[in-house]
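Every chain is numbered from 1 and lettered A, B, ... according to where its sequence line falls, protein lines coming before strand lines.
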Amino acid sequence: MSRDTDLYEAIYAIVRLIPKGRVTSYGAIAAAIGMKSGARVVGYAMNHCHGVKPGVPAHRVVNRNGLLTGKHHFGTENEMQRLLEKEKIRVAEDKVQDFEKIFWDPAKEITEL
DNA sequence: GCGCTGACGGGAC
DNA sequence: TGTCCCGCCAGCG
């Protein structure tokens with residue numbers, strides 16, 4: 001991985017690795033790529049996910065509080081929640097229910113990276 | 001080329 | 001236990 005978008009590619013790769021019915025946080029992804037304090041950069045990368053080749057399931061990425069902070073960037077606010085509910089993920093008040101239970105740790109799966 | 005903002009996180013009060 | 005403030009990296013005006 002020696003591309004110019006190495007940072008973004010790593011983030012997109014991790015987000016794409018998120019299993020169906022599971023969610024993760026920006027900080028977890030940031031830590032997985034070595035940016036423990038780069039949670040903002042991860043979120044910013046998601047902002048650029050529009051137009052990405054395979055399509056990044058950004059709807060599975062929420063903040064540390066489990067809140068759908070970026071739902072507003074999906075075009076429609078109900079789009080993100082609808083996708084999550086389609087994944088059998090409980091969503092109420094724009095926040096993921098049982099977030100800690102369905103939480104998927106990327107660093108735990110990409111530990112070899 | 002400088003400064004601000006932004007889909008966040010964590011520590012301090 | 002909850003809320004506020006500061007810190008971080010990168011893109012854009």
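Counting any heavy atom pair closer than 4.0 Å across all strands shown, Arg64(A) reaches sugar-phosphate atoms only and no base atom. Residue contacts shown for His72(A) are absent, as no nucleic acid heavy atom lies under 4.0 Å away. Using a 4.0 Å heavy-atom cutoff across all strands shown, Asn63(A) reaches sugar-phosphate atoms only and no base atom. Nucleic acid contact class of Gly27(A) (heavy atoms, under 4.0 Å, all strands): sugar-phosphate only. The residue Ala58(A) sits close to a base: some heavy atom pair falls under 4.0 Å.
Taking atom CG on Asn65(A) and atom C1' on dG9(B), their separation rounds to 9 Å, with Å as the unit. Distance CG (Leu68(A)) to P (dC8(B)): 12 Å, rounded to an integer number of Å. Between Met46(A) atom CE and dG11(C) atom P there is a gap of 14 Å when expressed in whole angstrom units. The OH atom of Tyr26(A) sits 17 Å away from the C1' atom of dG10(B) (whole-angstrom rounding). Atom CD1 in Ile29(A) sits roughly 13 Å away from atom C1' in dG9(B) (whole-Å rounding). Between Leu7(A) atom CG and dC8(C) atom P there is a gap of 16 Å when expressed in whole angstrom units. Across the protein-nucleic acid pair, Lys95(A) atom NZ and dA7(B) atom C1' stand 18 Å apart, rounded to whole Å. In this structure, NZ of Lys36(A) is placed 17 Å from P of dG7(C), rounded to the nearest angstrom.
Atom CG of Asn65(A) has more than 12 neighbouring heavy atoms from other residues, nucleotides or ligands inside a 6.0 Å radius.
Comparing dA7(B), dC8(C), dC8(B) against the side chain of Ser37(A) picks out dC8(C) as the nearest. When distances are taken from the side chain of Tyr44(A) to each of dC12(C), dC9(C), dC8(C), the shortest belongs to dC12(C). Of the candidates dA10(C), dG9(B), dC12(C), dA10(C) carries the atom nearest the Tyr8(A) side chain, counting heavy atoms from C-beta on. Checking dG9(B), dC12(C), dC8(C) against the side-chain heavy atoms of Arg40(A) singles out dC8(C) as nearest.
Ionic pairing of Arg82(A) and Glu79(A) is present here: one or more N-O contacts between side-chain nitrogen and carboxylate oxygen are shorter than 4.0 angstrom. Note on Lys108(A) versus Asp105(A): no salt bridge recorded, every NZ/NE/NH1/NH2 to OD/OE distance being 4.0 Å or above.
The phosphate of dC8(B) (OP1 or OP2) has a side-chain N or O of Thr69(A) nearer than 4.0 angstrom.
Atom CG of Asn63(A) sits about 12.0 Å away from atom NZ of Lys95(A), to the nearest 0.5 Å.
Between Tyr12(A) and Tyr8(A), the ring planes lie perpendicular to each other; the angle is over 60°, past the 30° to 60° tilted range.
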